[in-house]
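Chain naming here is simple, since letters A, B, ... match the order of the sequence lines and numbering starts at 1 in each.
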Amino acid sequence: MLGCTVEAHVLGQLLLMQSMVNNLPNEESIFHFVCRGLMDVPGVADVRRAPADTGDASPSSVLLPIKTDKAYWGELAVTVADNSLFAPYLDYLHNFCFMLAVILEERSQRRQIESHKARLEERVQQRTRQLTEQQAVHRLTERELGKNRMMLEYILDAVPQSVFWKGRTSVYMGCNKAFARAAGVAHPDDIVGKTDYDLPWLKEESDSYRRDDQQVMRQNRPKLHIIETQMAASGVRQWVDTSKIPLADAQGEVMGVLGIYEDVTDRKHSEEALRESEARYRRLHESMMDGFARVRMDGRIVESNLSFQTMTGYTAEELDHLTYEDLTPRKWHEFEAGIIRDQLMVRGYSDVYEKEYLHKNRTIFPVELRAYLIRGEDGEPSGMWGIVRDVTERRRLMDIMIQNEKMMSVGGLAAGMAHEINNPLSGIAQGAQVVANRLNLDSKHSSEAARELGIDPDRLTAFLKRRAIPQMIDSIRESAMRAAHIVSTMLEFSRKSDTAKTLANVNDLLDKAVELGGADYDLKKKYDFRRIVIEREYHLDLPLIPCSMVQIQQVLLNLLGNAAHAMGDRSPGAPPARIILRSALEGDMVRIEVEDNGPGIDETTQHRIFEPFFTTKATGEGTGLGLSLSYFIIVNNHGGTIRVVSAPGKGTRFIIRLPLQADAPAAPPD
Amino acid sequence: MPDSSHLISLGFTGQRFAPGVHICQIFSDDDERQAALLKFILSGLREGEGARCFSDNLAEEAVEEYLFRYGVSYQEARQSGALALARTKDVYFKDDAFDPDRMLGLLRAFQADTVAQGFSAARVIGEMTPDVQHIPGGSRLLEYEARVSLLLRECPVTAVCQYDARRFDGATIMDVLKVHPLMVVRGSVVHNPFFVAPEEFLQTRQPH
């Protein structure tokens, strides 16, 4: 009904509803609240929230839009039961719905703001948490860095080496205490900003340091173990072993150089001492008369000295590829393995033992050696070394001494025997001569004695002839004479030269011997000297030597005869027989050689060749006394030496050495 | 009958009211609710009244601390019977049911006992929870509130009913408002324009 008044409490209710909706949590709750509240408006039968723009309101419904110019919240469909009661409130309700829309929009905006604010708050909190965490990490990192820095400084100062680092232009940026001491600065910090030229080093040292700095930075490559000098602040110039490495920034750009060095003065001196010691050792090693060789356990030679190389004929490089067994004739292998097994491996060294080596030229020579075991750091055998001595000469000298002893002994014996034999031999010879004389019936006394006994001298003579008695007696006499000659020769052994020595030229003696040999009837009838080539290799300025020319000629003639005899039966196609005569000056001795190209002499024969009665000639061709007599003439009567060098198929060479001084002591065996 | 000459403070507003007012507080903020509750108790104690508080969301320590801050001993108040705290469900939903008659009896007895003990008046503040909508008797909530208004005319207990707008539907909130003559709006107590006199309200709910 038009003209009805508006009740104040309804308007108040509308106002209060506007206040209350803000307490409600959501849109749905608000609309329920509002719809329920608007039911109290006079004339209203029902209030519902209508979906937006449905336009399906019933004729009795009033649609109240809830919207602003920016937002739209749908409509309230108010079912009016009594329009006359309702109509006065319509404008208020429109206002209410507009205010409700404003409130909803504000709520929405507030929610958005709150949402944004919440998100922002959350982000702020999240960021704050991150920052807090980062700050905590930063603080932790700072603490760790601080600790690390302290630890680094501690380490840098604790290490005995000097440590420094420089910038791109070799200006010092830091160092440790050891370096500061060497540089003469009170504190490592004081080094900052200095260059090498500000420090005690010598100028040439600083120049060198900076060159190395620049090289390391330019090549971006470490330079290690630079052995150099440094004039320290103490005034002592020390040797240092320096290593430098480039310093790079985070981008990998070289920004400086880090150096570390240590004082190696003592080591340097030790090395020098060691080097000197090694040099001395090397000189000693090389100058050793004895050979030295070091081998691995497999026998490979890894080190040798010059004597060893000379002894074996191999160079050091060649020896590197050989084992000691390669140098040892096979017959010694087992023996030497036993030495190693039973002596070296048991007590670390061997007794001195003898064996033979095989020279590079395939000749075999005797050696004497002692071997030692080398153990590695683990105590296990790692090799052997040995001192080797070539005993060829000693053997030869020993052989000569033995020969001398033997010759002296045999010579004495022979002379003694000769002396004892000489008397009965004279009896035999004289007896034979007497028998021959008495059987000669031409003599007065023998024919008278036969007749007195009734024996016809002619018939007796015939009997003796028939029985060849006179020949037998002649044979006895000749044998006795021959024996007497031998005895006479044997007596020469023990007779020191009682012949006066005169000064003679050896070359002349050699020529005379050749001449005598060619003229000697006995020689001529056995050998044709014209078919033997005689070569002379004389030293033309030989001094004269004191000697018994007859005896020396006898010796030389004997040697020529032996040579000619040895070359007598030459096979067809063989090279012509040849004798080489040599003379030479050897210190205070004159050396004479008589060499032939005959069949040579084996070793056994060489050992016995000077023995009396030893001969290789057929029975009756020689007495076996020629070389014995020669030996005694040279050694006993002249204080010289005589020896033979020969090998089967390689000819024979007799070497005589005679002293230049007559009263010189006996010559050492050559 | 309430002595209209003696006005009391509710604590959360500067206005003063005669004892026996029935006030509804619709809140959507827990701090707002607790602040009103504590202030209501404190002012009651200061007025020499007996006070009761029913809430599932109130720590005894918070009350003690708050009162201590204003020079009031919680322990003394409790021991003297001036103050008692209880949980909503223990008071309103005893035996898992909501019985308006029992609750009204409790209110009546509380008022009588309080006065008998020498307190100047009785006040109660309680938070109703949505559980009431799901238990037997829960549908009689509005009836109960309307009858409280009637009871308070004879037994002047100053009563504040707290409802969480976030946990009750908007329509229910509107219905609750209609049965409370006073309501707290933005910290002020106002006469409720929605209020429907209890007799009228109860009559409309009478089965026809």
Legend entry - A:Ile245: partners by side chain to side chain contact (heavy atoms under 4.5 Å, CB included), with sequence neighbours left out: A:Pro222, A:Leu258
Inset, instruction - Scan for salt bridge (Lys or Arg N to Asp or Glu O under 4.0 Å) pairs involving residues 122-139 of chain A, sequence neighbours excluded, and state none if there are none. - result: none
Legend entry - Residue part contacting chain A, namely of B:Val190, when any heavy atom lies under 4.5 Å: side chain
Inset, instruction - Return the minimal non-hydrogen interatomic distance between B:Ala121 and B:Pro19, and the atom names on each side. - result: CB-CB, 4.5 Å
Inset, instruction - With a 4.5 angstrom heavy-atom cut-off, could you sort out which part of A:Met39 is near chain B: side chain, backbone, both or neither? - result: neither
Inset, instruction - Would you mind checking which part of A:Ile30 comes under 4.5 Å of any heavy atom in chain B, side chain (CB onward), backbone (N, CA, C, O), both or neither? - result: neither
Inset, instruction - Identify, with sequence neighbours excluded, every residue that meets side-chain hydrogen bond (donor to acceptor under 3.5 Å, both in side chains) alongside A:Gln134. - result: none
Inset, instruction - Calculate, to the nearest 0.5 Å, the distance between atoms SG and CG belonging to A:Cys97 and A:Leu63 respectively. - result: 10.5 Å
Legend entry - Non-hydrogen side-chain atoms of A:Val102 and A:Glu105 separated by less than 4.5 Å: no
Interchain donor-acceptor contacts below 3.5 Å (chain A, chain B):
from, atom 1, to, atom 2, distance (Å)
A:Asn23, ND2, B:Ile26, O, 3.3
A:Ser29, OG, B:Gly170, N, 2.9
A:His32, ND1, B:Asp169, OD1, 2.6
A:His32, ND1, B:Asp169, OD2, 3.3
A:Arg36, NH1, B:Asp175, OD1, 2.7
A:Arg36, NH1, B:Asp175, OD2, 2.3
A:Asp40, OD1, B:Lys178, NZ, 2.9
A:Asp40, OD2, B:Lys178, NZ, 2.9

Legend entry - Aromatic ring proximity B:Phe195/B:Phe201, centre distance under 6.0 Å: no
